[in-house]
2 protein chains.
Amino acid sequence: MEFKEAKNKFVQTWGALGSQWGINKTMAQIHALLMISNEAVSMEDIMDELQISRGNASMNLRALMDWGIVYKEYKVGERREFFTAEKDLDELAVKISRERSKREIKPALKVLKEVSSIEANTTEEEKHFVSQTTKLYDFVLKADNVLDKITEYKDNWLTKLVVKFMK
Amino acid sequence: MEFKEAKNKFVQTWGALGSQWGINKTMAQIHALLMISNEAVSMEDIMDELQISRGNASMNLRALMDWGIVYKEYKVGERREFFTAEKDLDELAVKISRERSKREIKPALKVLKEVSSIEANTTEEEKHFVSQTTKLYDFVLKADNVLDKITEYKDNWLTKLVVKFMK
DNA sequence: TTAAACTTTCAAAAATAAATGAAAGTTTAT
DNA sequence: ATAAACTTTCATTTATTTTTGAAAGTTTAA
């Protein structure tokens, strides 16, 4: 396999993986492209490489920056903006997990707490509902806390987790 | 909040969460409904509660069974089939993580291995590509292995993880 | 065997999500 | 101040995903 083919395969695969995980294809592809670039890339070049429109590139770059995993860069004597991705994988994973926790897990926990707190102990059906949602609340809360603790280590958290866990 | 309202809120929330994680809304809603039912539910009742068509119910129940998190049940003297969800949360999480590993992570690893193995050491660009994809391969492999190890514990793996990690 | 009771399949329709591109907005150099 | 160089926005279009529902398939009881 030659370089160009490998590069393309990587970008496509990362894009497909993105959509399986609730991130849109282009967003994941842009991120993939930036990950493997040794220098900052202009919007023009991104549009060109991925064959996407200016609007699409702009909106997805904004989203990536909102996630904190892509940065703007300015070059002296250049009017254009350039973009780079967070390349440290520990840092990348930490940022993604924090953001998803904030956007998805926390709101879900709020609902779980609400619905598990209803005054409902008449029928078996109601008792079961309260019991299940309470368990779910506890489980998700615990999982969210563990994730938080793990990513607090930042540097090499994965390696540290391996070490801790293999003991 | 009364029971019916809480139940509905739970099903809707779980459905929305599902779509953010690459699982379709109806599939997640059916799962939610079964999770909080204290007894097995017929397809008719699922269609009725969620206001969905027969085909939709059938296909998503099949998908849930393929994931191994919903089971068919037969009642004596009843022609119809009934369905229940895996209600043990440890077990549920283990099954989901195993299935996603098999379906998504393993194939991604295969591609990462391929593209990181290209003979390409001429330009800086190529060297950087190989270096980044290699790092990514190592990272994802390690994460996949940790997940595997953690879920091997099955019963109470989350609690065990908390204990191990807080030490 | 046949017919009733049920489930599955899949082509077509509907709903949802993403992409386009032109106009509006912003920044910088002169 | 102005115009060139660039980015963002958003109504519309396009692509993708999901849902429908009717026909085909299956199972069971008589």
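Per chain, numbering begins at 1; letters A, B, ... match sequence-line order.
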Using a cutoff of under 3.5 Å, can you pull out all pairs of nitrogen or oxygen atoms linking the protein to nucleotides 26-30 of chain D, with atom names and distances?
from, atom 1, to, atom 2, distance (Å)
D/dT28, O2, B/R79, NH2, 3.2

In whole angstroms, how far is the C1' atom of D/dC6 from the CG atom of A/L61?
-> 14 Å
Phosphate OP1/OP2 of D/dT18 contacted by B/T26 side-chain N/O (<4.0 Å) = no
Look at B/K72 and C/dC6 and indicate whether a side-chain polar atom (N or O) is within less than 4.0 Å of OP1 or OP2.
-> no
Can you find a heavy atom in the side chain of B/E49 that is under 4.5 Å from one in the side chain of B/K7?
-> yes
Could you tell me the separation between the CD atom of A/E44 and the P atom of C/dG21, rounded to a whole number of Å?
-> 14 Å
Distance, rounded to the nearest Å, where A/M59 contributes CE and C/dA19 contributes P | 10 Å
Can you tell me if B/S117 uses its side chain to pair, donor with acceptor, with the backbone of B/K113 under 3.5 Å?
-> yes
Nucleotide of D/dT20, C/dC6, C/dT20 approaching B/I52 most closely (side-chain heavy atoms) = D/dT20
Answer with yes or no after comparing the ring centroid distance for B/Y74 and B/F82 against a 6.0 Å cut-off, counting only values under it.
-> no
Where the side chain of B/S53 is concerned, which of D/dG21, D/dT7, C/dC10 is the nearest nucleotide?
-> D/dG21
Pairwise 5' ranking along DNA chain D for A/E78 and B/I23, keeping only the more 5' one | A/E78
Using a heavy-atom cut-off of under 4.0 Å over every strand shown, decide if B/E81 touches base, sugar-phosphate, or nothing.
-> sugar-phosphate
Write down the distance between CD (B/Q29) and P (C/dA15), rounded to a whole number of angstrom.
-> 16 Å
Quick one: do the B/K142 and A/T159 side chains pair a donor with an acceptor below 3.5 Å?
-> yes
Calculate the interatomic distance between B/R54 atom CZ and D/dA22 atom C1'; express it in whole Å.
-> 12 Å
Measure from the side chain of B/N56, starting at C-beta and using heavy atoms only, and say which of C/dC10, D/dT19, C/dT8 lies closest.
-> D/dT19
Of the candidate nucleotides C/dA19, D/dC10, D/dT19, which contains the atom at the shortest distance from the side chain of B/K25?
-> D/dT19
On the ring face of B/W21, is A/R100 found with NZ or CZ under 6.0 Å from the centre and within 45° of the axis?
-> yes
Closest to the A/M43 side chain, choosing from D/dT7, C/dG21, C/dT9 | D/dT7
A/K4/A/E2 ion pair, N-O < 4.0 Å | no
Counting heavy atoms from C-beta on, name the nucleotide in D/dT19, C/dA19, C/dT8 closest to the side chain of B/R62.
-> C/dT8
B/F83 and B/Y71 aromatic centres sub-6.0 Å = no
Measure from CE on A/M47 to P on D/dC6 and round the result to the nearest Å.
-> 12 Å
So which one's nearest nucleotide on DNA chain D is more toward 5', B/N24 or A/G55?
-> A/G55
Send over the distance from A/M65 CE to D/dT8 P, rounded to a whole Å.
-> 6 Å
Taking atom C1' of C/dC10 as reference, at what distance in whole Å does atom CG of B/N60 sit?
-> 15 Å
Per atom distances to the B/R80 side chain, the nearest of C/dT8, D/dT7, C/dC6 is C/dC6
Test item: A/I46 and A/L61 side chains (from C-beta on) under 4.5 Å apart, heavy atoms = yes
